[in-house]
Amino acid sequence: MITVRLPDGSPLELADGASVGDVAGAVGSGLAKAALFGKVNGTAVDLTAAVEDGAAVEIITKKSPEALEALRHSTAHVMAAAVKKLYGSGVRFAIGPAIDSGFYYDFDVEEPFTPEALEKIEEEMSNIISEAIPFERSELDRAAAIDRMKEAGQGYKVELLEDITDDRVSFYRLGDFVDLCRGPHIPDSSKVGAFKLTSVAGSYWRGDSSRKMLQRIYGTAFFSKKDLDSYLHLLEEAAKRDHRRLGRELDLFSFHEEGPGFPFFHPKGVVVLNEIVDYWRKVHRREGYLETRTPILLREELWHQSGHWDHYKDNMYFTEIDDQGYAVKPMNCPGNMLIYKSGQHSYREFPLRMGELGLVHRHELSGVLHGLLRVRSFTQDDAHIFCLPEQLETEVAHVIDLCFEIYGRFGLDDVHIELSTRPDDSIGTDEQWALATKALENALASRNIDYGVQPGEGAFYGPKIDFHITDCLNRSWQCGTIQADFAMPERFDLEYIGEDGRRHRPVMIHRVVLGSLERFLGVLIEHYGGAFPFWLSPVQAVIIPVSDTVLDYARQVEGEIRAAGFRVELDNRSETVGNKIRQAEISKVPYMLVVGKREADNHTVSVREHSKGDTGPAAVAEVIEKFRREISQEA
RNA sequence: GCCCAUGUAGCUCAGUCGGUAGAGCGGCGCAUUCGUAAUGCGCAGGUUGUGGGUUCGAAUCCCACCGUGGGCUCCA
């Protein structure tokens, strides 16, 4: 007999050699039926796994948060099994993990999958699911596994095995399909309640564009049809928040074939951008930032000196003026280096914070362009901070605080942070990198911030802290970044006069908070679903006259509100009140001010708030006062 | 850049078997003067992304290019 411990702490006695499934059975027949896999001493295992005396055992059912991941992983196997059945032994299998939104599997096949092929695969998957085929685990020595995969012609599996450090590896069989896999899996294919193959895309093996392009099929799976349907509904709702769609509907910006990746901002879009910039300037002035502006075109030699030519050339645009090579700036730093160097500096000026709203151009691969979130020209809310090495940590912490303050102003609280360390392709000494990285870590620690680490993902001149914000499709976009840099001051031979009267090398921080005004606007549009708060709204109020007979009064009100500094429009179309209200609601204007004879007689307006409805009459002066209050509350 | 899909009126989308393009919304005009999410009638609007090819005939079939979408990779 052995004894295991259940999650509530109670002991359970079982026969020798009992499995996780036996534990579920001993607890109750309901649990035995619902059991998908288990956890023994915190490690996920199949129901068939044996339990040892004294082990802590937990039974995982579909109610457990980790169950969905296992289900999806198992569904990926079901899909691979279907592909094997339909396409035969010519298919090479790469990897098939569960991901946040479902799962995928990468295949090396002769012909790419067509949408019709996906339907056939779905059908075959349904067959496999209805047959309730069990997932069977087996173990093998790694060397034997490599031989076996070589024999089977599964080169990708061989590569995976060569990177595994364990001596024993596990395989899972689902009918005729056997796959290298850590597990665990659900007991059999019938547990897949509802699934859907969502898309097919090319993907490079291990993300390496020098390697072969595989065919990736994406899908998603849930325990019930209801869950699947509500997920699909969620996607539809998210599509309504898509900034590309709202940008067109709200007349904020457009894109044109004549300039792919280069956004055109319409008057309403510029209003929002200007409001963002006004706020940005206000905060930065308060924090002691100075503002600069540097040229877009600069001689090629400058980019050699900065190191961009060696490390960033592929992303840069070049041109020629009077037989001289010029580059379009992809970053603002070299220009600001020249400004720094145009005069002498003392340690007393430090930290010297120089901001620039600089328009940069970067040649991004055509396939990655995405609305405002990935463009080829954008305005960075940049700043270069020159300081003493011992000021680095405090300055970084100061910028972190600034980022959180500014994101907070826009109600963006779903921000996650990554620390990126030295890449292979970099400049500067080991010592400099170690110092800079330590300063960033300390600054994060001083603010008790949780963050992930991205090894080797730093800029070529220094480590960085990135602030990521998520879009409507749950894709994460980098906005803020703080980058320490010892290398650039070196390359430009920057100096300051220290307390000792001698020349020293300053340390520099590159930082953006919004990142790119364009991207940030895209993120904001999705965050607000197009319904901007009052202070950002392109049109803050629409005046809706009930009929032409009150047009004079409507114009008078329009004038008064505009004179008070608010963005107001008059809807003087020959339309019904209902139509005008509808139009204003669709364009998400915060306030609708209905005026008729009643209002004209009393110098009032009838106020309607976006998505709230009629809130009753108010004097024009009161409305202006309300608007002012709203601005100051939001500010 | 690579893989797949896709491109018809300003927007959203029909368009059968290859037979010469249609709707709603929007725009314009006229009528209507209306009290909180669509007033009615009429009119205009298209070299079907671009360029080739097949065909008596192409929105439709084929090729190339451009754009867009979803990915891979890269980054603000």
Side-chain angles (χ1 to χ4, degrees), chain A residues 104 106 111-115 117-118 198-218 242 244-245 248-249 251 254-261 312 314-315 330-331 358 360 362-382 420 457 459 464 466-469 473 475 477-481 510 512-520 522-523 544-551 573-586 592-599 606-611 613-617:
Chain A
Y104 67 80
D106 284 347
E111 294 286 321
F113 297 110
T114 59
L118 286 199
T198 48
S199 65
V200 56
S203 69
Y204 296 107
W205 169 240
R206 297 192 157 169
D208 182 348
S209 58
S210 67
R211 300 290 303 263
K212 185 163 184 185
M213 177 155 278
L214 308 175
Q215 294 300 314
R216 173 174 297 179
I217 301 178
Y218 282 94
D242 191 313
R244 293 166 298 184
R245 174 176 172 161
R248 187 171 51 240
E249 288 174 359
D251 198 16
S254 57
F255 283 92
H256 302 272
E257 263 194 53
E258 290 80 353
Y312 209 74
D314 292 347
N315 284 297
M331 297 186 196
V360 298
R362 296 182 185 178
H363 181 77
E364 299 293 342
L365 296 180
S366 60
V368 305
L369 301 177
H370 181 89
L372 291 181
L373 300 183
R374 176 58 67 73
V375 292
R376 282 177 169 162
S377 78
F378 56 98
T379 313
Q380 289 189 304
D381 64 318
D382 215 344
S420 298
E457 295 296 318
K464 58 177 186 165
D466 292 329
F467 296 75
H468 293 260
I469 300 174
L473 295 173
R475 287 180 294 207
W477 299 91
Q478 184 184 314
C479 289
T481 181
H510 308 247
V512 293
V513 178
L514 309 175
S516 119
L517 295 184
E518 290 76 1
R519 173 177 289 178
F520 194 75
V523 166
I544 297 175
V546 165
S547 86
D548 288 0
T549 55
V550 286
L551 260 184
R573 292 175 306 149
S574 170
E575 279 292 351
T576 59
V577 175
N579 183 294
K580 293 176 185 180
I581 295 276
R582 183 178 150 78
Q583 282 312 314
E585 286 284 355
I586 288 172
M592 287 146 273
L593 309 176
V594 179
V595 297
K597 181 149 188 316
R598 268 200 313 267
E599 288 77 12
S606 172
V607 180
R608 181 191 168 99
E609 286 187 46
H610 171 67
S611 72
D614 194 347
T615 59

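Naming convention: chains lettered A, B, ... in sequence-line order (proteins, then strands); numbering from 1 in each chain. Side chains are part of it too, since the values below use all heavy atoms of this structure and drop only hydrogens, waters and symmetry mates. Just so it is clear, the structure is predicted and the values come from calculations on it, not from any experiment.
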Between A201(A) and Y218(A), the two heavy atoms sitting closest are CB-CE1, 4.4 Å
Quick one: label D614(A) by what it contacts on the DNA or RNA (base, sugar-phosphate, nothing), any heavy atom closer than 4.0 Å. base
Kindly give the atom pairs (protein nitrogen or oxygen, nucleotide nitrogen or oxygen) under 3.5 Å for nucleotides 27-34 of chain B.
{"unit_1": "U32(B)", "atom_1": "N3", "unit_2": "S574(A)", "atom_2": "OG", "d": "2.6"}
{"unit_1": "U32(B)", "atom_1": "O4", "unit_2": "S574(A)", "atom_2": "OG", "d": "2.3"}
{"unit_1": "U33(B)", "atom_1": "O2", "unit_2": "D548(A)", "atom_2": "N", "d": "2.8"}
{"unit_1": "U33(B)", "atom_1": "N3", "unit_2": "D548(A)", "atom_2": "OD1", "d": "3.2"}
{"unit_1": "U33(B)", "atom_1": "N3", "unit_2": "D548(A)", "atom_2": "OD2", "d": "2.8"}
{"unit_1": "U33(B)", "atom_1": "O4", "unit_2": "D548(A)", "atom_2": "OD2", "d": "2.8"}

Should D614(A) and R608(A) count as an ion pair when the cut-off is N to O under 4.0 Å? no
Would R211(A) pass as a cation-pi partner of Y204(A), given that its NZ or CZ must be under 6.0 Å from the six-membered ring centre and within 45 degrees of the axis? no
Using the P atom in both, what is the distance from U12(B) to G7(B), to the nearest Å? 13 Å
Considering only heavy atoms from C-beta outward, does the side chain of F467(A) approach that of T481(A) to under 4.5 Å? no
I586(A) has an atom CD1; how far is it from atom C1' of C25(B), in whole Å? 10 Å
Under the side-chain hydrogen bond (donor to acceptor under 3.5 Å, both in side chains) test, which residues partner Q478(A), sequence neighbours left out? D466(A)
Find the distance between CG (D382(A)) and CG (L514(A)) and round it off to the nearest 0.5 Å. 11.5 Å
Just by distance, do the side chain of R374(A) and the backbone of L369(A) share a donor-acceptor pair under 3.5 Å? no
Spacing of the P atoms in G10(B) and U50(B) (rounded, Å): 12 Å
Nucleotides 10-15 of chain B: which of its N/O atoms have a protein N/O under 3.5 Å away?
{"unit_1": "U12(B)", "atom_1": "OP1", "unit_2": "R248(A)", "atom_2": "NH2", "d": "3.0"}

May I ask you to decide if K580(A)'s main-chain N or O and Q583(A)'s side chain share a donor-acceptor pair within less than 3.5 Å? no
Nucleotides 68-76 of chain B: protein proximity per nucleotide (B base, S sugar-phosphate only, - neither; heavy atom, under 4.0 Å): SSBBBBBBB
In sequence, state the C-alpha distance, the side-chain angles, and the governing distance for E585(A) and S611(A), and then conclude on side chain to side chain donor-acceptor pair (under 3.5 Å). CA-CA 7 Å; E585(A) 286 284 355; S611(A) 72; 5.7 Å; no
Given the P atoms of G70(B) and U16(B), what is the spacing between them in whole Å? 28 Å
Mind checking if E609(A) touches a base, just sugar-phosphate, or nothing, with heavy atoms under 4.0 Å? nothing
Value in whole Å for how far the C1' atom of A37(B) lies from CZ of R608(A): 6 Å
Encoded 5' to 3' (Watson-Crick or G-U under 3.5 Å; [ ] crossing; | other strand), RNA chain B becomes (((((((..((((.....[..)))).(((((.......))))).....(((((..]....))))))))))))....
Return whichever of H610(A) or F113(A) has its heavy-atom-nearest nucleotide of RNA chain B closer to the 5' end. F113(A)
In whole Å, I'd like the distance from the CD atom of E249(A) to the P atom of G26(B). 14 Å
Taking side chain as C-beta onward, heavy atoms only, is K597(A) less than 4.5 Å from T549(A)? no
Does some side-chain heavy atom of D314(A) sit less than 4.5 Å from a side-chain heavy atom of H363(A)? no
Using the P atom as the reference point in each nucleotide, state the distance between A9(B) and U48(B) in Å, no decimals. 10 Å
Rounding to the closest angstrom, what is the interatomic distance between C3(B) and U20(B) at atom C1'? 36 Å
State whether the distance check finds a donor on one side and an acceptor on the other, under 3.5 Å, for side chain E258(A) versus base G67(B). no
Salt bridge present between D242(A) and R244(A) (N-O < 4.0 angstrom): yes
Rounded to whole angstrom, note down the C1' distance from A58(B) over to G15(B). 14 Å
Which residues pass the salt bridge (charged side-chain N to carboxylate O under 4.0 Å, His left out) test with E249(A), not counting sequence neighbours? R245(A)
For E257(A) and C65(B), give me the distance from atom CD to atom C1', rounded to whole Å. 11 Å
What is the distance from atom CZ of R362(A) to atom OG of S516(A), rounded to the nearest 0.5 Å? 9.5 Å
Evaluate the side-chain proximity of Y312(A) to P330(A): yes if any heavy-atom separation is below 4.5 Å, no if none is. yes
Taking G51(B) as the reference, what is the distance to C17(B) when you measure between their C1' atoms (whole Å, please)? 28 Å
C1' spacing across the pair G57(B) / A38(B), given as an integer number of angstrom: 44 Å
